[in-house]
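Here the structure comes first, spelled out in structure tokens, and everything after it is commentary.
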Amino acid sequence: VVRLGEAKERPVDVRIICATNRNLHAEVKKNGFRQDLLYRINTMEILIPPLRDRKEDIPLLAEHFLERNKKKYRKGRLRFSVAAMQALNAYAWPGNIRELEHMVERAVILCEGNEITKNDMRFTQGQGMNESIETLNLEEMERKLIVRALEKHRGNITNASKDLGITSAALYRRMEKFNL
């Protein structure tokens with residue numbers, strides 16, 4: 001490569017890691033993916049089954065995300081209730097690990113006690129735990145969390161911003177962004 005503003009070529013050693021939820025070999029057959037590109041990137045293929053097929057991983061991942069978010073949001077004594085963990089295991093996880101990660105973070109933010117309950121998880125009620133009630137749209141989720149924090153703290157910006165793990169100034173900017 002040649003750095004911007006230089007004329008000298010420099011050697012680079014690069015590894016590219018790609019991930020997809022599609023069967024690229026089937027996509028090549030349907031002309032949905034370039035065959036030459038598949039052969040260039042497919043040196044090593046690792047197939048990881050979806051989370052719904054690896055139920056034994058759910059408690060470990062949930063605890064990992066809980067520990068990380070307890071530090072982030074300064075909620076040191078937080079833990080999952082037995083019912084919350086059972087609900088996590090019963091859910092289909094169409095969004096895989098990212099959905100689990102976001103659901104745990106949302107539960108940490110919304111939990112008012114020391115124990116995350118099934119209600120803190122925001123699963124769809126009455127639908128057999130097949131899909132989440134929440135959208136996966138990040139801006140909509142951010143808006144809902146801000147509204148929930150403001151309601152919880154009766155409009156107190158300082159307390160709501162602490163609960164959300166952001167500064168008061170950042171909360172004001174987001175409130176302006178969402179016209180709150």
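The closest side-chain heavy-atom distance from R154 to N159 is not below 4.5 Å. Using a 4.5 Å heavy-atom cutoff, the side chains of W93 and M103 are in contact. For the pair F65 and I97, the minimum side-chain heavy-atom distance is below 4.5 Å. You'll find the side chain of Q86 stays beyond 4.5 Å of the side chain of N89, heavy atoms only. Using a 4.5 Å heavy-atom cutoff, the side chains of L61 and L51 are in contact. Under the 4.5 Å side-chain criterion, counting only non-hydrogen atoms from C-beta, L145 is in contact with L110. Using a 4.5 Å heavy-atom threshold, the side chains of C111 and L78 count as touching. Taking the side chain as every heavy atom from C-beta outward, E99 and Y91 approach each other to under 4.5 Å.
Counting only residues at least two apart or in different chains, side chain to side chain donor-acceptor pair (under 3.5 Å) contacts with residues 166-180 comprise E142-R174, S161-S168.
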Show your working on side-chain contact (heavy atoms from CB on, under 4.5 Å) between I157 and L150 and close with a plain yes or no. CA-CA 7 Å; I157 301 296; L150 289 169; 3.8 Å; yes
Run the side-chain contact (heavy atoms from CB on, under 4.5 Å) check on V2 and R10 step by step: do they pass? CA-CA 6 Å; V2 179; R10 296 174 181 267; over 6 Å; no
Applying side-chain contact (heavy atoms from CB on, under 4.5 Å), run through V82 and M85 and close with a yes or a no. CA-CA 5 Å; V82 172; M85 192 56 76; 5.9 Å; no
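Within the model, atoms CD of E105 and CD of E101 stand 7.0 Å from one another, a figure rounded to the nearest 0.5 Å.
Under the 3.5 Å distance criterion, the side-chain polar atoms of D120 are matched with a main-chain donor or acceptor of T117.
Every residue was checked against the salt bridge (Lys or Arg N to Asp or Glu O under 4.0 Å) condition with K71, not counting sequence neighbours, and none meets it.
No more than 12 heavy-atom neighbours from other residues, nucleotides or ligands sit within 6.0 angstrom of CD on E9. More than 12 heavy atoms of other residues, nucleotides or ligands lie within 6.0 Å of CG in L60, so this atom counts as buried by the packing criterion. In this structure, R22 places its CZ atom where only 12 or fewer heavy-atom neighbours from other residues, nucleotides or ligands lie under 6.0 Å away.
R79 has no carboxylate O lying under 4.0 Å from a charged side-chain N of E63, or vice versa, which leaves the two without a salt bridge. One finds no salt bridge joining R77 and E115 here, because no Lys/Arg side-chain nitrogen approaches an Asp/Glu carboxylate oxygen to under 4.0 Å. Using a cut-off of 4.0 Å between Lys/Arg side-chain N and Asp/Glu carboxylate O, K75 and D163 are scored as salt-bridged. Using a 4.0 Å cut-off between charged nitrogen and carboxylate oxygen, K30 and E27 count as a salt-bridge pair.
Shown here for L66 and V104, the closest heavy-atom pair between the two residues is N-CG1, 3.6 Å.
A side-chain N or O of N42 and one of E45 form a donor-acceptor pair less than 3.5 Å apart.
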